[in-house]
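Because the structure is predicted, anything quoted here is derived from the model rather than measured.
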Amino acid sequence: MIDGTAGVNGRRDADEALLDNPQALAEADPGGMLRHTASAGAQVRESAALAAEANLAVLADDGRPRAVVIAGIGTAGRTGDVLATVAGPRCPVPIIGHRSAGVPGWVGAADVVIAVSASGRSPEALGAAEAAHRRGARLVAVGAPDSQLQSIAEQARAPFIPVPRRAPARASLWALTVPVLLAARSLGLVKVNEADLAETASRLDADADRCRSAAESFVNPAKSLALGLAGSIPIVWGSSPLATVAARRFGDTLSANARYPVVTGALGEAGRGRVGLLDGVFGGLAEGERDIFADPAEDDGEGTRLRLVLLRDGGLNAEDDTDEPLAVEERRADAVQTLAERRGVRCDVVTAEGGSALERLASLIAVPDFASIYLALAHGLDPMAVPAITEMKELSNQ
């Protein structure tokens with residue numbers, strides 16, 4: 001079902017009319033990436049139920065760990081970023097993402113390793129699980145049932161959460177993330193309750209409905225975002241640590257689904273250098289030379305310009321002792337929007353909503369996820385089949 005061997009096909013210019021033709025969209029998406037992405041809310045519910053059956057409570061028997069290592073690559077590695085931002089700066093232990101085989105040299109019996117792999121066979125997760133078992137660290141594994149990863153977890157007598165693989169990993173973020181969060185909850189590191197999960201799932205369902213293929217572009221936020229990005233060089237910045245995770249996730253999906261080059265990161269980091277892109281040859285210089293009377297249809301690609309996407313998160317607790325950093329983040333976001341406007345660089349803003357960190361993160365991820373797929377389809381690209389990914393794996397495995 002999951003096949004990346006299709007040839008390199010598509011078109012340089014986006015077909016805007018296609019996005020308002022549900023039948024044509026369905027034909028252009030034979031692998032069903034839109035359908036898989038719309039299942040995000042269901043993924044939250046299913047993974048929560050599967051994690052409840054995995055006896056994660058045993059993790060607490062040895063008390064609080066010294067550190068937690070999240071081992072995985074790609075989307076699996078992003079689950080560690082989600083855990084770190086949901087846990088927040090007050091988390092009592094460090095949460096460390098590890099994206100290469102094995103584990104850091106200091107990992108030992110005082111630590112917890114969470115190995116994550118959608119396929120259950122990525123070298124990074126397998127190597128980490130084996131190393132954790134050898135060193136006596138507590139292990140949790142998340143991945144496809146009946147996989148190599150499950151076998152290692154069983155040998156180590158470690159909890160394993162079986163996540164059915166129905167789509168590429170990049171369309172399974174929530175299926176992989178929820179077990180990681182619930183394992184951390186069992187260790188006393190995050191406060192994610194059933195209400196948070198239910199509200200997050202509902203938020204994802206609602207956004208999937210707003211972004212459905214039958215909704216026309218002028219009322220569909222994902223289609224509107226995709227059309228705005230078409231033919232541009234996207235820059236995606238997050239105003240807060242939580243929004244930055246969403247920004248980097250958008251970079252992942254834009255690259256894999258739509259094959260667009262993209263600059264992502266934290267707005268604070270951007271203000272120390274990358275904000276200069278707004279002045280450059282694809283930013284203010286290009287916009288200053290724009291002929292307002294020129295026919296856009298005659299643009300041969302030399303007029304490629306930046307498009308800024310700003311993910312804003314005003315935070316949840318403006319009255320506690322974090323209100324000063326939140327105020328700084330808000331002023332910084334206002335400033336970059338003003339800078340973009342002064343230079344003629346178009347800017348899209350997605351604002352977080354929700355009553356918990358997890359729900360707010362979901363609100364920043366859902367629409368961009370759909371936008372990356374619509375952008376791919378507008379260019380005649382199959383978002384499921386990415387030939388370069390398949391060939392890279394084949395060449396690497398040789």
Passes side-chain hydrogen bond (donor to acceptor under 3.5 Å, both in side chains), Gln43 versus Ser47? Steps please. CA-CA 6 Å; Gln43 291 178 30; Ser47 285; over 6 Å; no
Apply side-chain contact (heavy atoms from CB on, under 4.5 Å) to Arg360 and Ser356, showing your working. CA-CA 6 Å; Arg360 294 176 74 80; Ser356 68; over 6 Å; no
Show your reasoning for whether side-chain contact (heavy atoms from CB on, under 4.5 Å) applies to Val236 and Val263. CA-CA 6 Å; Val236 188; Val263 177; over 6 Å; no
Could you go through Arg249 and Asp369, starting from their C-alpha distance and side-chain angles, then the distance that decides it, and tell me whether this counts as salt bridge (charged side-chain N to carboxylate O under 4.0 Å, His left out)? CA-CA 8 Å; Arg249 160 70 178 181; Asp369 271 4; 3.0 Å; yes
Report the C-alpha distance between Phe160 and Ser147 in whole Å, list the side-chain angles of each, state the deciding distance to 0.1 Å, and finish with yes or no for side-chain contact (heavy atoms from CB on, under 4.5 Å). CA-CA 11 Å; Phe160 177 79; Ser147 62; 4.2 Å; yes
side-chain contact (heavy atoms from CB on, under 4.5 Å), that's the test. Do Leu339 and Asp279 meet it? Break it down for me. CA-CA 9 Å; Leu339 286 173; Asp279 292 335; over 6 Å; no
Could you give me the CA-CA distance, side-chain angles and deciding distance for Arg45 and Glu194, then say whether salt bridge (charged side-chain N to carboxylate O under 4.0 Å, His left out) is met? CA-CA 10 Å; Arg45 299 182 187 93; Glu194 277 57 39; over 6 Å; no
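Salt bridge absent: Arg203 and Asp209 never bring a charged side-chain N and a carboxylate O closer than 4.0 Å. For Asp61 and Arg138, the salt-bridge test fails: no basic side-chain N is under 4.0 Å from an acidic carboxylate O. Salt-bridge formation is detected for the pair Asp81/Arg78: a Lys NZ or Arg NE/NH1/NH2 atom is positioned less than 4.0 Å from an Asp or Glu carboxylate oxygen. Between Asp207 and Arg210, at least one side-chain N (NZ, or NE/NH1/NH2) sits under 4.0 Å from a carboxylate O, which counts as a salt bridge. One finds no salt bridge joining Glu329 and Arg312 here, because no Lys/Arg side-chain nitrogen approaches an Asp/Glu carboxylate oxygen to under 4.0 Å. In summary, Arg135 and Asp111 do not engage in a salt bridge, as defined by a charged side-chain N under 4.0 Å from a carboxylate O. Glu269 and Arg248 are joined by a salt bridge, as a carboxylate oxygen and a charged side-chain nitrogen come within less than 4.0 angstrom of each other.
Of all non-hydrogen atoms in Pro383 and Asn257, the two that sit nearest each other are O-OD1, 3.5 Å. When all heavy atoms of Ala247 and Thr264 are compared, the pair lying nearest together is O-CG2, 3.5 Å. Considering every non-hydrogen atom in both Pro159 and Asn55, the closest pair reads CG-O, 4.4 Å. Residues Ala366 and Leu204 come closest through the heavy atom pair CB-CD2, 4.0 Å. Closest approach of Pro162 and Pro145 over heavy atoms only: CB-CB, 3.9 Å. Here the shortest heavy-atom pairing between Arg66 and Trp106 reads NH2-O, 2.8 Å.
Summarising the geometry, atom CD1 belonging to Ile235 is positioned 10.5 Å from atom CZ belonging to Phe282; distances are rounded to the nearest 0.5 Å. Expressed to the nearest 0.5 Å, how far CD of Glu130 lies from CG of Leu149 amounts to 9.5 Å. Annotation: the span from Asp348 atom CG to Gln337 atom CD amounts to 10.0 Å, rounded to 0.5 Å. How far CZ of Arg331 is from CG of Leu326: 11.0 Å, rounded to the nearest 0.5 Å. For the atom pair CD of Glu341 and SG of Cys347, the computed distance is 9.5 Å after rounding to the nearest 0.5 Å. Between Arg272 atom CZ and Leu267 atom CG the span is 10.0 Å, to the nearest 0.5 Å.
Val245 and Leu176 fall within a single hydrophobic cluster, where Ile, Leu, Val, Met, Phe, Trp and Tyr are joined by side-chain heavy atoms under 4.5 Å apart, directly or via other members. Linking ILVMFWY side-chain heavy atoms closer than 4.5 Å, directly or via other members, places Val192 and Leu50 in a single hydrophobic cluster. Put simply, Leu173 and Val190 are part of the same group of oily side chains (I, L, V, M, F, W, Y) that touch within less than 4.5 Å, one to the next. Grouping the Ile, Leu, Val, Met, Phe, Trp and Tyr side chains by contacts below 4.5 angstrom, directly or via other members, places Leu139 with Val69. Two different hydrophobic clusters hold Leu229 and Leu381 under the rule that ILVMFWY side chains link at heavy-atom gaps under 4.5 Å.
At least one side-chain heavy atom of Val116 sits under 4.5 Å from a side-chain heavy atom of Val180. You'll find the side chain of Leu310 stays beyond 4.5 Å of the side chain of Val350, heavy atoms only. Residues Met384 and Pro168 are in side-chain contact: their nearest non-hydrogen atoms beyond the backbone lie under 4.5 Å apart. Arg259 is listed as a side-chain neighbour of Val386, based on a closest heavy-atom distance under 4.5 Å. You'll find the side chain of Asp252 stays beyond 4.5 Å of the side chain of Arg170, heavy atoms only. Side-chain contact between Asp15 and Leu377: absent, with no pair of heavy atoms (C-beta onward) separated by less than 4.5 Å. For the pair Leu375 and Tyr260, the minimum side-chain heavy-atom distance is below 4.5 Å. Using a 4.5 Å cut-off on side-chain heavy atoms (C-beta onward), Leu182 and Val178 make contact.
In this view, Glu46 and Arg166 satisfy the salt bridge (charged side-chain N to carboxylate O under 4.0 Å, His left out) rule, not counting sequence neighbours.
Looking at Ser172, its side chain never comes within 3.5 Å of a backbone N or O of Ala175 through a donor-acceptor pair. Using modelled atom types, one side-chain atom of His379 and one backbone atom of Arg12 make a donor-acceptor pair closer than 3.5 Å. A donor-acceptor contact shorter than 3.5 Å links the side chain of Asp29 to the backbone of Leu34. Here the side chain of Ser239 pairs a donor or acceptor atom with the backbone of Asp313 at under 3.5 angstrom. A distance-only check finds no donor-acceptor pair linking the side chain of Arg99 to the backbone of Gly72 [under 3.5 Å].
Here the options are Val44, Leu181, Thr85, the test is side-chain contact (heavy atoms from CB on, under 4.5 Å), and the partner is Leu358; only Leu181 passes.
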Only pairs under 3.5 Å count here: list side-chain donor-acceptor contacts from residues 218-227, not counting sequence neighbours, and write none if there are none.
| from | atom 1 | to | atom 2 | distance (Å) |
| --- | --- | --- | --- | --- |
| Asn220 | OD1 | Ala222 | N | 3.0 |
| Asn220 | OD1 | Lys223 | N | 3.1 |
| Asn220 | ND2 | Cys211 | O | 3.3 |
| Asn220 | ND2 | Arg212 | O | 2.9 |
| Asn220 | ND2 | Ala215 | O | 3.4 |
| Lys223 | NZ | Leu19 | O | 2.5 |
| Lys223 | NZ | Ser213 | O | 2.7 |
| Lys223 | NZ | Ala215 | O | 2.8 |
| Ser224 | OG | Ser217 | O | 2.6 |
| Ser224 | OG | Asn220 | O | 3.2 |

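Open room surrounds CZ on Arg157; 12 or fewer heavy atoms of other groups in view lie less than 6.0 Å from it.
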